[in-house]
Chemist: 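Mind looking over this structure? Questions follow.
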Amino acid sequence: MAVGRAVCQMLQRRLLSSAAAARLSSAEVRSQCSSLFSKEQTRQRALYPRTEKIEVTLQGPGLQGSLLIMNKGVSTPHSCTRHLSEWHVKSSAFALVDGQPWHMHRPLTSSCDLTLLTFKDEAPQIVNQAYWRSCAALLGQVLDGAFKDEYSVELLKIPEVPVITGAFCCDLVLDPRLDSWTPTEENLRSLTREALQLIQKDLPWEPLEVSPSVALEIFSHSRYKQEQVEESAAQSQNGTVSLYRCGHHVMLSDGPLVTRTGMCSQYEVTAVHTLGERAWGVQRRAQGLSLPVNLTAHHTIWRKLRQRAERLVEVSSSSTVTPPLTHEAAPPSSSPQQ
């Protein structure tokens, strides 16, 4: 009986989400998601009404054993860099807290050891993978706002591909009336320009760990996102879901991102491949290439890297999410803005 009741509740939630999506434009959906994110962020910050101090012991070259006294539930690794130097503020892309991956803007909740990671560390594999994931998140944000507002864009789970693949990826399903759309070189250049504008704004990726119920409310417009919330919560050790906000764009992420968009330097959208009909519509894979700040490549090297990044990246099925039980398209639109 309990299982049947849970299934009924899930189906009812999806029916309500499609009805809500039919009433809201893409811009209204983004605004609603951002408002709910802010509401939960404010609620969580209120959990620490009085100032309680914690000890943060710094690790790493030149900082070994240095001690900072910070505020529990308020201070972040980024806050810690402000007590060090301007170089640490600008260069720290990622953190390890007691050896565990930690976003630079995520509040510290207890005394801990803190290691700040940069792109020029001797072993940058962890920060490089977070950077690749962040570049894909940025591409998803660009795609979400790239089409006329009456067109629906469903961003799917970001495929987790290694840096050595040569391109980061973002899977999506466009409005059914765009099924025949084939992106031109000018379309790709337009997407690249939009990404570079976000990079120039140097926007932070704001992290927020939430309960599944909060995440389901934020993504009430998308049955696919609700599927992803349920899957992420089931795989999470503490049952929470990781959200990130950049500007007004709120997204799910199964892995941590770097500090801010300005950490990207050279960035180019290289291809949008059509993967074919899937359970939720015609699936596409947008791809791109990027290098972090202070690690730019000569134009001849970049051209070779770009040619590689144009080729379709094959992703294993383990990097995708189980499709919704049924598929209903959100209100469509007709042609991209590019």
Chemist: Classify the side-chain pair Y131/S290 by whether it contains a donor and acceptor separated by less than 3.5 Å.
Modeler: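 Short answer, yes.
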Chemist: Are any of the side-chain nitrogens in R303 or E268 under 4.0 Å away from the carboxylate oxygens of its partner?
Modeler: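 Looking at E268 together with R303, the answer is no, because their closest N to O distance does not fall below 4.0 Å.
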Chemist: May I ask you to check whether over 12 heavy atoms, not counting those of I164, lie within 6.0 Å of atom CD1?
Modeler: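 Not buried by this count: 12 neighbours or fewer within 6.0 Å.
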Chemist: Any luck finding a side-chain donor-acceptor pair between E209 and S242 under 3.5 Å?
Modeler: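 Checked: E209/S242 side chains pair up, N/O donor to acceptor below 3.5 Å.
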Chemist: So, S34 side chain and S31 main chain: donor-acceptor pair closer than 3.5 Å or not?
Modeler: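 Not confirmed, S34 side chain does not pair with S31 backbone.
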Chemist: Are M263 and I126 connected, step by step, through hydrophobic side chains (Ile, Leu, Val, Met, Phe, Trp, Tyr) whose heavy atoms are closer than 4.5 Å?
Modeler: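 In one cluster: yes.
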Chemist: For T115, give me all partners under side-chain hydrogen bond (donor to acceptor under 3.5 Å, both in side chains), at least two apart in sequence or on another chain.
Modeler: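 Applying side-chain hydrogen bond (donor to acceptor under 3.5 Å, both in side chains) to T115 gives none.
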Chemist: Does the side chain of H298 come under 3.5 Å of the side chain of T300 through a donor N or O and an acceptor N or O?
Modeler: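 H298 vs T300: donor-acceptor pair found between side chains.
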Chemist: Any side-chain donor-acceptor pair under 3.5 Å between S26 and D144?
Modeler: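 Short answer, no.
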Chemist: Quick one: pull up NE2 in H83 and OG in S75 and give me the separation to the nearest 0.5 Å.
Modeler: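 Spacing of NE2 (H83) from OG (S75) equals 6.5 Å.
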Chemist: Do you know which two heavy atoms are closest between D171 and K157, and how far apart they sit?
Modeler: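 It is CB-O, 4.4 Å.
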Chemist: How are the rings of F168 and Y267 set relative to one another: parallel (under 30°), tilted (30 to 60°) or perpendicular (over 60°)?
Modeler: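 Tilted: the ring planes of F168 and Y267 meet at 30° to 60°.
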Chemist: T118 and D121: side-chain donor and acceptor closer than 3.5 Å?
Modeler: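 Present: a donor and an acceptor within the cut-off.
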